[in-house]
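Input: a single structure, listed below in structure tokens.
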Amino acid sequence: MKHVNKKVELTELANRIRTARSKAHLSQHSLGESIGLSDKSISAYEKGRSQPPLENLRKIAEATHYPLTYFTQDETGNIEITAKLLAIERELAEVKLLLKKVK
């Protein structure tokens with residue numbers, strides 16, 4: 001059952017990526033080029049064949065002028081694990097900076 005939920009999440013993410021790109025009036029080629037990926041990668045994301053790493057999702061959000069949460073929230077507005085990972089990633093970056101200052 002968990003596998004089915006993961007597939008639904010990936011399909012929803014794929015639809016959101018396609019919608020954001022389309023509404024930003026970008027082709028798969030131009031979006032890929034602007035974020036350093038091939039149009040084949042963008043196509044794979046939009047068809048749900050692969051899930052973009054968080055950094056690529058962040059770049060897609062920037063290029064399409066959508067907030068990252070558009071891609072990471074479920075239908076009820078709950079933030080998905082990706083957003084939680086992003087918050088942890090930011091906190092770790094802050095800790096690294098603090099540790100560098102201490103040295």
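Computation of the quantities below employed the complete heavy-atom set of this structure, encompassing side-chain atoms and omitting hydrogens, waters and symmetry-equivalent molecules.
Taking the charged nitrogens against the carboxylate oxygens, Lys59 and Glu62 have no contact shorter than 4.0 Å, which rules out a salt bridge.
With a 4.5 Å cut-off on side-chain heavy atoms, Ser30 and Arg21 do not count as touching. Proximity of Pro52 to Leu13: side-chain heavy atoms (C-beta onward) are separated by under 4.5 Å at one or more points. Within the 4.5 Å cutoff, the side chain of Phe71 has heavy atoms near those of the Thr64 side chain. Here the side chains of Leu57 and Ile17 are in contact, with some heavy-atom distance below 4.5 Å.
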*asked:* For a side chain to side chain contact (heavy atoms under 4.5 Å, CB included) check, start with the C-alpha distance between Lys23 and Tyr66, then their side-chain angles and the critical distance, and finish with the verdict.
replied: CA-CA 10 Å; Lys23 288 188 176 183; Tyr66 274 75; 3.2 Å; yes

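From Lys100, atom NZ reaches atom CG of Leu98 across 11.5 Å, with rounding to the nearest 0.5 Å. Interatomic distance, CD of Gln51 versus CG of Asn56, reported as 11.0 Å (0.5 Å rounding). Here Ile42 contributes atom CD1 and Ile35 contributes atom CD1; the two are 4.0 Å apart, rounded to the nearest 0.5 Å. For the atom pair OH (Tyr45) and CG (Leu31), the distance works out to 10.0 Å, reported to the nearest 0.5 Å. From His29, atom NE2 reaches atom CG of Leu37 across 12.0 Å, with rounding to the nearest 0.5 Å.
Between Gln28 and Glu46, the shortest heavy-atom contact is NE2-OE1, 2.8 Å. Here the shortest heavy-atom pairing between Ser34 and Ala63 reads OG-CB, 3.9 Å.
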